[in-house]
Amino acid sequence: MPEGHTVHRLARTLRELLGGERLRVTSPQGRFADGAALLDGRRLVAVEAWGKQLFCAFAPDDAPRGRAARAPGSSDVSSRAGRGAVPGRDDSPGPPDPAGADMLWLRTHLGLYGAWTFTGAPGVADVAHAIGAPRKRIGERETVVRAPAGSSDAEVHVTADDLGSDELGSGARRPGEGWEPPAPRGQVRARLLGRHMVADLTGPAACEVITPAEKHAVTARLGPDPIREGERGHDAERFVARAGRSRVTIGQLLMDQAVIAGVGNIYRAEALFRAGVDPLRPGREVPPSSARALWDDLVVLMRDGARTGAIVTTRPEDRTGPQPPGRLRTRQNTDGTPDAVPADQAFYVYHRDGLPCRACGSPVLLKELAGRNLFWCATCQR
DNA sequence: AATATATGCAAAG
DNA sequence: TTTGCCTATATTT
């Protein structure tokens with residue numbers, strides 16, 4: 001269920017935790033055995049997200065060595081703030097050419113159910129960490145650390161569980177020394193194993209090894225990605241022009257990865273509400289100023305999502321709904337930041353059908369459109 | 001134990 | 001427009 005923000009977050013995590021390393025690549029489940037054999041022993045030199053697509057570049061081990069290539073606008077593997085340094089890391093300069101003829105790319109797409117699970121050696125990454133489905137992350141538990149009375153905000157602390165005290169939390173050993181990765185859990189399609197970290201991929205819609213040319217063909221079909229805005233220039237104008245000449249509804253255009261990459265069902269519904277745009281209005285009948293506002297808002301919302309790991313679109317003054325009885329539930333993947341918001345106050349319309357609109361009080365509507373649930377307020381969105 | 005659900009997408013009809 | 005697929009988890013029987 002990840003939207004683009006999740007995939008960018010994954011890219012950063014893979015870059016930081018495995019970038020620059022020679023990896024063992026396997027397919028414990030077996031369904032990716034051939035592809036894994038192609039990548040096994042190669043070096044992870046770049047990790048890139050575009051919309052919901054995740055690309056990992058694997059260079060031959062004899063290729064020029066260096067840190068993972070810097071994707072424009074993203075941090076490279078040297079940004080390891082808050083994590084322990086890894087001994088023996090190769091520091092030689094000169095990233096390999098990601099388009100080089102001997103490069104192989106791993107293309108993955110999480111689809112509805114996919115997830116990456118990360119497990120690290122003590123002192124390298126002290127928590128098991130998964131992104132994507134399932135909602136409850138494997139080996140992780142969230143606890144509310146602070147929930148001030150009268151405040152809708154709470155701090156959430158993410159702790160590892162289920163992995164045993166020998167593996168996690170003991171700072172006694174040197175980082176990664178003597179570390180063995182845990183046995184694969186569930187249907188692990190692909191496993192990327194570094195010296196101190198393992199990344200397991202389950203349930204992807206796509207997991208394949210492709211050439212640079214094939215990778216280029218995939219990205220050429222994708223529209224501009226709000227999280228990557230600024231790399232190419234004119235992304236906003238591209239989106240506005242493309243949407244503005246279409247007879248397809250703006251609600252469908254926002255879900256079309258060739259029109260705008262990375263938007264999913266939640267960002268679609270929420271951005272349309274925030275812009276006051278009727279999802280059923282044809283793109284060519286949406287004023288360009290509204291289309292531009294949609295794009296600009298998605299840049300902010302999705303970058304926030306990539307930073308915090310959670311989709312929260314409500315403004316603080318609109319999070320005044322009644323607290324549900326029982327224990328506080330917060331949006332997952334919050335990284336323990338104060339940005340945590342009760343799950344039922346994170347959205348304006350998504351999954352709020354039948355409930356009163358936060359702005360006008362009229363009931364939020366639900367309609368199935370192109371196989372997906374569309375939520376909107378017919379009063380606020382024109 | 002069976003069923004419902006999910007932030008997706010492409011192929012088939 | 002409908003179907004099929006990939007998987008783990010919460011809910012219901």
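Being a predicted model, the structure only gives us computed values, none of them experimental. A note on names: the letters A, B, ... follow the listed sequences, proteins ahead of strands, and every chain is numbered from 1.
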K.L.:
Whole-Å distance between B:dA6 P and A:Asp353 CG?
P.N.:
10 Å

K.L.:
Give every pair of a protein N or O atom and an N or O atom of nucleotides 9-13 of chain B that lie under 3.5 Å apart, one pair per line with the distance.
P.N.:
from, atom 1, to, atom 2, distance (Å)
B:dC9, OP1, A:His109, NE2, 3.3
B:dC9, OP2, A:Lys52, NZ, 3.0

K.L.:
Which pairs count as ring pair (Phe, Tyr, Trp, His ring centres under 6.0 Å) when at least one residue sits in residues 247-291 of chain A, sequence neighbours excluded?
P.N.:
A:His5-A:Tyr267, A:Phe273-A:Tyr348

K.L.:
Take the protein atom CG of A:Leu369 and the nucleotide atom P of C:dT2, then report the distance between them rounded to whole Å.
P.N.:
12 Å

K.L.:
May I ask you to say whether A:Asp318 pairs ionically with A:Arg358, meaning some side-chain N is under 4.0 Å from a carboxylate O?
P.N.:
no

K.L.:
I want to check one thing: is the phosphate of B:dT5, taken as OP1 and OP2, less than 4.0 Å away from some side-chain N or O of A:His351?
P.N.:
no

K.L.:
Is A:Glu48 salt-bridged to A:Lys215, cutoff N-O under 4.0 Å?
P.N.:
yes

K.L.:
Have a look at A:Tyr350 and say if it touches a base, only the backbone sugar-phosphate, or nothing, with a 4.0 Å heavy-atom cut-off.
P.N.:
sugar-phosphate

K.L.:
Can you check the A:Arg185 CZ to C:dT9 C1' distance for me, whole Å?
P.N.:
11 Å

K.L.:
Could you give the CG-to-C1' distance, from A:Leu110 to C:dC5, as a whole number of Å?
P.N.:
15 Å

K.L.:
So, A:Thr314 and A:Arg319: side-chain donor and acceptor under 3.5 Å apart, yes or no?
P.N.:
yes

K.L.:
Considering only distance and modelled atom types, tabulate donor-acceptor pairs under 3.5 Å from the side chains of residues 49-59 of chain A, sequence neighbours left out.
P.N.:
from, atom 1, to, atom 2, distance (Å)
A:Trp50, NE1, A:Gly223, O, 3.0
A:Lys52, NZ, A:Val263, O, 2.9
A:Gln53, OE1, A:Arg107, NH1, 2.8

K.L.:
Ignoring backbone atoms, test whether A:Arg189 places a side-chain nitrogen or oxygen under 4.0 Å from the OP1 or OP2 oxygen of C:dT7.
P.N.:
yes

K.L.:
Pick base, sugar-phosphate or nothing for A:Glu270, based on heavy-atom distances below 4.0 Å to the nucleic acid.
P.N.:
nothing

K.L.:
Please report, rounded to the nearest Å, how far the C1' atom of B:dA6 is from the CZ atom of A:Phe347.
P.N.:
12 Å

K.L.:
Using the ring pair (Phe, Tyr, Trp, His ring centres under 6.0 Å) rule, collect all pairs that involve residues 279-308 of chain A, keeping only residues at least two apart or in two chains.
P.N.:
A:Phe239-A:Trp295

K.L.:
Test of understanding: with ring pair (Phe, Tyr, Trp, His ring centres under 6.0 Å), list the residues that count as partners of A:His351, not counting sequence neighbours.
P.N.:
A:Phe375

K.L.:
Does A:Arg9 have a side-chain nitrogen or oxygen under 4.0 Å from the phosphate oxygens OP1 or OP2 of B:dT7?
P.N.:
no

K.L.:
Would you write the dot-bracket representation of DNA chain B, where each base gets (, ), [, ], | or . depending on whether it forms a Watson-Crick or G-U pair under 3.5 Å and with which partner?
P.N.:
||||||.|||||.

K.L.:
Give, for atom CG of A:Leu301 and atom CG of A:Asp296, the distance between the pair rounded to the nearest 0.5 Å.
P.N.:
11.0 Å

K.L.:
Rounded to whole Å, how long is the line connecting atom CD1 of A:Ile266 with atom C1' of B:dT5?
P.N.:
14 Å

K.L.:
Might you point out which heavy atoms bring A:Gly194 and A:Glu21 nearest each other, and give the distance in Å?
P.N.:
CA-OE1, 3.4 Å

K.L.:
To the nearest angstrom, how far is A:Leu201 atom CG from C:dA8 atom C1'?
P.N.:
14 Å

K.L.:
Between C:dT3 and B:dA4, how far apart are the two P atoms, rounded to whole Å?
P.N.:
16 Å

